[in-house]
Amino acid sequence: MTDELIQAAIHIRKRAYAPYSKFLVGAALRCEGVVYAGCNVENAAYPLGSCAEAGAISAMVAGGGRQIEEIVIVGNGDVACTPCGGCRQRLREFGHPDLVVRMVSESGETKLVRTLGALLPDAFGPENLA
């Protein structure tokens with residue numbers, strides 16, 4: 001099943017809009033068996049850009065999903081593209097600490113696998129507000 005996510009992340013990465021950094025990122029996640037993907041979108045006013053993970057999460061929410069089952073992130077080159085701090089918190093909103101986050105190279109080779117809990121230990125999540 002993960003191969004489908006890898007292919008979706010690689011495919012959507014090519015659609016990223018990154019004219020300033022040239023750093024293209026794609027993310028694909030699964031929710032209730034459905035794959036949702038997103039790419040990064042930069043903006044000349046730098047803080048207004050959006051990350052690939054945020055795009056995939058937005059697509060999931062728009063599709064009625066609320067729980068990420070797994071996610072794949074692909075960036076430039078042959079190294080792991082880890083989610084930024086803000087995206088780690090976004091993932092925590094829709095994923096449990098044991099959510100598997102797989103980071104792959106442009107060619108689809110797995111470079112790093114972590115749980116969300118390892119990427120964002122002691123995270124503040126929805127249950128903290130209950």
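Along the sequence shown, residues carry numbers from 1. Keep in mind that the numbers below use all heavy atoms, side chains included, and drop hydrogens, waters and symmetry copies.
Summarising the geometry of Cys84 relative to Cys51, their closest heavy-atom pair is SG-SG, 3.9 Å, with the distance given to 0.1 Å. The minimum heavy-atom distance between Asn40 and Val25, with the atom names listed, is OD1-N, 2.8 Å. In terms of heavy atoms, Arg114 sits closest to Leu119 at CB-CG, 3.8 Å. Pairing each heavy atom of Cys31 with each of Gly65, the nearest pair is SG-CA, 3.6 Å. The shortest heavy-atom contact between Ala28 and Ala8 is CB-CB, 3.8 Å. Considering all non-hydrogen atoms of both residues, Ala37 and Ala59 come closest at O-CB, 4.2 Å.
When the side chains of ILVMFWY residues are joined at heavy-atom separations under 4.5 Å, either directly or via intervening members, Ile12 and Tyr17 end up in two distinct hydrophobic clusters. The hydrophobic clustering, which links ILVMFWY residues whose side-chain heavy atoms are closer than 4.5 Å, places Met103 and Ile71 together.
Of the inter-residue distances, the one linking Glu93 atom CD with Cys87 atom SG reads 13.0 Å to the nearest 0.5 angstrom. For the atom pair CZ (Arg102) and CG (Leu29), the distance works out to 14.5 Å, reported to the nearest 0.5 Å. Once rounded to the nearest 0.5 Å, the distance linking CZ of Arg88 with CG of Leu91 reads 9.5 Å. Ile6 contributes atom CD1, which lies 9.5 Å from atom OG of Ser107 (distance to the nearest 0.5 angstrom).
Residue pairs meeting the side chain to side chain donor-acceptor pair (under 3.5 Å) criterion with at least one partner in residues 43-56, sequence neighbours excluded, are absent. Residue pairs meeting the salt bridge (charged side-chain N to carboxylate O under 4.0 Å, His left out) criterion with at least one member in residues 40-52, sequence neighbours excluded, do not occur.
Shown are Ile73, Val72, Leu5; of these, the side chain to side chain contact (heavy atoms under 4.5 Å, CB included) with Val104 is made only by Val72.
Applying the salt bridge (Lys or Arg N to Asp or Glu O under 4.0 Å) test to Arg92 and every residue at least two apart in sequence or in another chain returns Glu127. In this view, Glu69 satisfies the salt bridge (Lys or Arg N to Asp or Glu O under 4.0 Å) rule with no residue, not counting sequence neighbours.
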In a table with atom names and distances, give each donor-acceptor pair under 3.5 Å that connects a side chain of residues 75-82 to protein atoms at least two apart or in another chain.
residue	atom	partner	partner atom	Å
Asn76	OD1	Arg13	NH2	2.6
Asn76	OD1	Leu24	N	3.0
Asn76	ND2	Lys22	O	2.9
Asp78	OD1	Lys111	NZ	3.2
Asp78	OD2	Lys111	NZ	3.3

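Between Ile68 and Ile57, the closest side-chain pair of non-hydrogen atoms falls below 4.5 Å. By the 4.5 Å heavy-atom criterion applied to side chains, Phe124 and Leu129 are counted as neighbours.
Hydrophobic side-chain contacts under 4.5 Å tie Val113 into a cluster, directly or through other members, with Val100.
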- For Arg66 and Glu32, what are the C-alpha separation, side-chain angles and deciding distance, and is it a side chain to side chain contact (heavy atoms under 4.5 Å, CB included)? CA-CA 9 Å; Arg66 294 292 185 268; Glu32 298 178 6; over 6 Å; no
- Evaluation steps, side chain to side chain contact (heavy atoms under 4.5 Å, CB included), between Leu99 and Phe94: CA-CA 10 Å; Leu99 170 68; Phe94 298 99; over 6 Å; no
